Amino acid sequence: MKVRVRYAPSPTGYQHIGGLRTALFNYLYAKASGGDFILRIEDTDRSRYFDGALQDIFDTFNWLGIDYDEGPNKPGANEPYFQSERLELYNKYAHELVDKGWAYKCYCDSERLAKLKEEQEKNKQSFGYDRHCRDLSAEEIAKLDAAGTKYVIRFKAPLEGKTSFDDKILGHIEVENNTLQDFILLKSDGFPTYHLANIVDDHLMGITHVLRAQEWIPSTPNHILLYKAFGWEHPEFCHLPMVMGQDGQKLSKRHGATQVMEFRKNGYLPEAIINFIALLGWSLDDSTEMFSLAELSKVFDIARINKSPAVFNYDKLKWFNGVYIRQKSDEELLDLVLPYFVQRGLVGENVSADERAYLLRLIPLLKERIELLSDAPDIVEWAFGELPPYKAWEAIYPKKVEPAAVVRILNDEYDILSNLDKESDEDLQHKIYELAAKYEVKAGAVFMPLRIALTGTNKSPELFPVMHVLGLDKVLARIKAAIAKIESEQS
Ligand code: GLU
Ligand code: ZN
């Protein structure tokens, strides 16, 4: 039997980490088992729908390289893939259940339901429809229909017994039927509820496995009952572990970014996101950490999905990002960080060939030092135009070194650099190093002030690559400027 799985988002908000994890696990399971991955848009809740949410689904998939075999804009045997375009089907199936006695029309108006709720509240009863219309006589129904009374279609939940299923991940789950509601299948406006549309489509689209978040477990008994009522076999259910913040609470905005596109904006690479998300509740073994999407597409297996909650560790994600950044070629990385340079105003939108060549020289200087693409401008800001305001002025005075001594050191360095005669970097380094002995200070006290003088920050790349990028004239001018700044502060 060919595996067929689906991701069935409701376009009511932007894609977040939890949804992406569901999408990815479905995608990977399909790929690894030679099956099909279907994207189905569950857009029947029109009050919560918005266009941006739909576009965000496509953007997320495009960015991460997740492709579907069937879905919007992809002709397939099960079109259309928007539930809002399948309303007739749901109507037909809802009425079929009424005809078979598995469902009934409920004519209760909102006024009656509100009153009911009020009463239940007063009596401290749990909320629920009181099954008022479950046993209306044929005459009563005919009368109400003749009068054109609006109705919803409700499922006739069994009043006794148990409903159970064997979750592929969590094992046997069962509920007492007397805890279930006569839940709505079709609303009075002809739109289906999630329950009806979801199982009609899963059936018609030949879905074999439902991988979705654990928060859907309470809905599953309803779905099992619906499958039974229709006489259909139900797919396997695999409820995925919760995603928690490091404090053990459900992941939310409080913990940091949760929307997929926020991560993109903040400078994460798709490779890092994929790798990290794949490990939210799944592992290959106890040690392998690095996976590309292609590798995951071969080795992913639902047997290795955890029961227990997954923890979203932002530091770990950053670490992954750094690793993937360092795997990029300089050219690739330049293209990736360029938008952040533009955003910072370091370069314009249109980069000339000369500018690009210059930018390319900066990439090796920042590659080892950034974890996010968005960190890049900070590391090399000194390489553009005038030196930006010092970010680490105090650090120019190393521990226990007087400002006057720093001035002397910088002056000596100025002299060394202005009298260069084809020395190698090593020779030069040695000459500067000798100043430490001359002034009886640590090596850091001769190198760090120079680095800050040239870049305005102590977080800059190594000294020599910086000097090569700046060129001697700028180097000398910046040393002079630093000396002047120290002196003006002291006077
Ligand atoms: N439309 C539901 C959602 O937004 C689908 C849940 C399911 O996979 O059954 O998550
Ligand atoms: Zn009713």
Side-chain angles (χ1 to χ4, degrees), residues 1-9 17-38 126 155 157-181 183 194-196 198-199 201-203 205-245 248-251 277-288 291 296 299-312:
M1 182 184 64
K2 193 177 194 190
V3 165
R4 284 176 61 81
V5 291
R6 48 55 169 192
Y7 178 51
I17 290 303
L20 174 59
R21 200 270 309 263
T22 300
L24 182 63
F25 280 25
N26 276 286
Y27 170 84
L28 294 176
Y29 185 47
K31 295 301 120 185
S33 54
D36 294 328
F37 174 56
I38 292 140
S126 53
F155 187 73
L159 303 176
E160 39 197 54
K162 287 177 183 167
T163 296
S164 67
F165 63 100
D166 291 300
D167 190 277
K168 283 273 252 191
I169 297 164
L170 300 170
H172 191 73
I173 295 180
E174 64 178 29
V175 296
E176 298 285 341
N177 288 336
N178 63 16
T179 65
L180 301 176
Q181 301 279 336
F183 57 93
Y194 154 71
H195 300 301
L196 177 67
N198 188 268
I199 78 112
D201 285 349
D202 279 352
H203 173 70
M205 295 182 180
I207 300 303
T208 58
H209 296 74
V210 169
L211 278 66
R212 65 183 170 202
Q214 272 183 23
E215 63 186 273
W216 296 100
I217 289 177
S219 296
T220 311
N222 292 355
H223 299 180
I224 300 281
L225 288 169
L226 274 173
Y227 281 107
K228 268 199 194 141
F230 282 119
W232 299 335
E233 229 173 278
H234 66 75
E236 298 272 13
F237 289 99
C238 315
H239 287 99
L240 307 176
M242 304 268 280
V243 181
M244 309 291 208
Q249 304 292 312
K250 190 169 187 268
L251 190 70
I277 301 278
L279 297 175
L280 284 181
W282 175 86
S283 61
L284 178 67
D285 50 36
D286 293 333
S287 54
T288 318
F291 295 96
L296 289 165
V299 299
F300 187 84
D301 183 3
I302 35 182
R304 296 277 316 178
I305 296 176
N306 292 332
K307 281 187 195 165
S308 44
V311 176
F312 194 103

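In this text the structure is predicted, and so the values were computed from the model without any measurement.
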Under 3.5 Å, side-chain donor or acceptor atoms of residues 225-234 against the rest of the protein: list the pairs with distances, not counting sequence neighbours.
| unit_1 | atom_1 | unit_2 | atom_2 | d |
| --- | --- | --- | --- | --- |
| Trp232 | NE1 | His203 | NE2 | 3.3 |

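Arg21 and Leu280 get closest at one heavy-atom pair: NH1-O, 2.9 Å. Closest approach of His195 to Ser219, counting heavy atoms only: CE1-OG, 3.5 Å. The shortest heavy-atom contact between Pro309 and Met244 is CB-CG, 3.6 Å. Taking all atoms of both residues into account, the shortest heavy-atom contact from Ser164 to Ile224 is O-CG2, 4.1 Å. Here the closest heavy-atom approach between residue Ser287 and residue Asp285 is recorded as N-OD1, 2.8 Å. Among all heavy-atom pairs drawn from Gln214 and Pro241, the shortest one is NE2-CA, 3.4 Å.
Counting only distance, with no hydrogens or angles, the side chain of Asn26 and the backbone of Phe37 share no donor-acceptor pair below 3.5 Å. For Thr22 (side chain) and Gly18 (main-chain N/O), a donor-acceptor pair under 3.5 Å exists by modelled atom type. Proximity of a side-chain donor or acceptor of Asn222 to a complementary backbone N or O of Phe183 within less than 3.5 Å is not detected. Remark: the backbone N or O of Ile38 is not paired with any side-chain donor or acceptor of Arg4 at under 3.5 angstrom.
When Asp36, Asp202, Asp201 are each tested for a salt bridge (charged side-chain N to carboxylate O under 4.0 Å, His left out) with Arg6, only one passes: Asp202.
To the nearest 0.5 Å, atom NZ of residue Lys31 and atom CG of residue Leu296 are 13.5 Å apart.
Using cut-offs of 30° and 60° for the angle between ring planes, the His223 and Phe237 rings count as tilted.
Aromatic rings from Trp282 and Tyr29 are positioned such that their centres are separated by 6.0 Å or more. Between Phe300 and Phe25, the ring center distance clears the sub-6.0 Å criterion.
Every salt bridge (Lys or Arg N to Asp or Glu O under 4.0 Å) that Glu174 has, sequence neighbours left out, goes to Lys162.
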